[in-house]
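Here is the naming used below: chain letters follow the sequence lines, and residue numbers restart at 1 for every chain. For clarity, every value in this text was computed on a predicted model and none was experimentally measured.
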2 protein chains.
Amino acid sequence: MPTSTVEQYIKTIYQQEERCAHDIVPMKQLSEAMGVTPGTATAMVKHLAERKLIRYEPRKGVRLTAGGRELALIMVRRHRLIETFLENVLGYDLSEVHEDAEQLEHAVSDKFIERIDAYLGFPPADPHGDPIPSAEGHIARRDSVPLDHCETGDSIRVARLRNDDPAFLLLMKEQRLTPGEVFVVIDKNETAGTMTVQHNARTRKTNTPFTISMGNSTRIMVEPTGEQ
Amino acid sequence: MPTSTVEQYIKTIYQQEERCAHDIVPMKQLSEAMGVTPGTATAMVKHLAERKLIRYEPRKGVRLTAGGRELALIMVRRHRLIETFLENVLGYDLSEVHEDAEQLEHAVSDKFIERIDAYLGFPPADPHGDPIPSAEGHIARRDSVPLDHCETGDSIRVARLRNDDPAFLLLMKEQRLTPGEVFVVIDKNETAGTMTVQHNARTRKTNTPFTISMGNSTRIMVEPTGEQ
DNA sequence: GATATAATTTTGATTAATCAAAATATATTA
DNA sequence: TAATATATTTTGATTAATCAAAATTATATC
């Protein structure tokens, strides 16, 4: 049985892999995401590699093995089903679900999760719109497309950033073009080779438009929100 | 914040106090109930005493302080509400609820418990019939009476045994006259000074009658089952 | 390419919880 | 009461997870 700490590391590595172009996760990124010192992460990573949950390349970083990915998807399934339950059944606010789910996901049994799934009517996605992996570890491939495939007026959600250039990622962060964020394409200028996007006014206080080159926009994977 | 191990010890001490005449819980009883070696229990008990959750009398045993009792009742509340939820909402069998509740009770937040309580309609008792302590730590005093106050035909549940004589307790265990067990009084003979009880035929395979002296029957606290 | 900077690993310690086995105290029995 | 059995505590070790700080190795800059 993996300890809850092991589960948490594996889930975090999975999430970090999702957020980078290169699938290898550097130690700094992992230790920051886990909120531990780098030395602690190194020690843990060696242990996870022995358990065959990850591949560890010293001085480079880590990537999940098939077994690690399996465990990660179990944890993601638990987390998302619990969040859905907290919101739909117990009436939690969306901002409150994460904290409690983070604790519960390490304490629930498989039986509990399957019962919750049935009780909720086998929902395909959690309250954030993220797909819930099946009990067998299958997760719906989100039909994300590069931003430059979108048209003016499209309402979209950022799925992932296919680029790990720090300057690019920093810019994305400053502009809040990070996974999960919702936008509208307010202009697509083929001649100038630019796209302009803007946060939805009712979800953001500051929503100044942001213009990006068509070339860079291919690095931003988005999916339709289904709105409008 | 108490760790889940601390929570478990405190809950266990509370339960053991309920099950003995003398409110002091000897180390052997505690270590066996916790499933750890006696030395481990001693070490932990010192820690709990420093935290002012228990009073520790070396070579004698332990008893809860007011603060310890408060924590114990929080844990009992969590456990019983979770069991109720698992049975009433998720359709668990009664025999399955304990195992999952035992894990979850250490992972849930106060918010979660209060929401579950409301969702269940503020139930007064869990599926075993045990009262659920309030959020403020009040628990309904079970209206238990000594067995000799019962009459022939009464259907009763054992609440607690007010005697810690090992032979007596062993006998009670052999006859399955332990807390939670359900019986019918089939004879009360004032002249002979005896009472005879029998397990309910549909809950027990072996249900040979058992006769006990009136004197000893005062040590067995029971409550009406509400049946018949 | 030499040096400064940043990332990573190593080392030595710490805390919570545990066990096995030795030492000690208490209770029982003969 | 002395001998034996039982309960309890102590001692020394272990494991998982962590930190701080030193040592090492990449990477970036001049």
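Straight-line distance from the CG atom of A:Leu48 to the C1' atom of D:dT18: 15 Å, rounded to whole Å. Summarising the geometry, the separation between CG on A:Leu30 and P on D:dA17 is reported as 14 Å, rounded to the nearest angstrom.
Shown are A:Glu70, A:Glu136, A:Glu114; of these, the salt bridge (charged side-chain N to carboxylate O under 4.0 Å, His left out) with A:Arg77 is made only by A:Glu114.
Mapping B:Val45 and A:Met34 onto DNA chain D via the closest heavy atom, the residue that lands nearer the 5' end is B:Val45.
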What pairs of donor and acceptor atoms, side-chain ones from residues 84-91 of chain A against any protein atom, are under 3.5 angstrom apart with sequence neighbours left out?
unit_1  : atom_1 : unit_2  : atom_2 : d
A:Thr84 : OG1    : A:Arg80 : O      : 2.6

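With sequence neighbours excluded, the residues that form a side-chain contact (heavy atoms from CB on, under 4.5 Å) with A:Glu57 are A:Ile24, A:Lys60, A:Arg63. The salt bridge (charged side-chain N to carboxylate O under 4.0 Å, His left out) check on B:Glu105 picks up B:Lys11, with sequence neighbours excluded. Evaluation of the salt bridge (charged side-chain N to carboxylate O under 4.0 Å, His left out) rule for A:Asp110 yields A:Arg78 as partners, not counting sequence neighbours. The salt bridge (charged side-chain N to carboxylate O under 4.0 Å, His left out) test applied to B:Lys28 returns B:Glu32, not counting sequence neighbours. Among residues two or more places apart in sequence or in another chain, the salt bridge (charged side-chain N to carboxylate O under 4.0 Å, His left out) test is passed with B:Asp148 by none.
Applying the ring pair (Phe, Tyr, Trp, His ring centres under 6.0 Å) rule to pairs touching residues 93-115 of chain B yields B:His79-B:His98, sequence neighbours excluded.
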For nucleotides 6-12 of chain C, read 5' to 3', which letter fits each nucleotide if B means a protein heavy atom sits under 4.0 Å from the base, S means only the sugar-phosphate is that close, and - means neither?
-> -BBBB--
Taking only N/O atoms, report every protein-nucleotides 13-16 of chain C pair under 3.5 Å with atom names and distance.
none

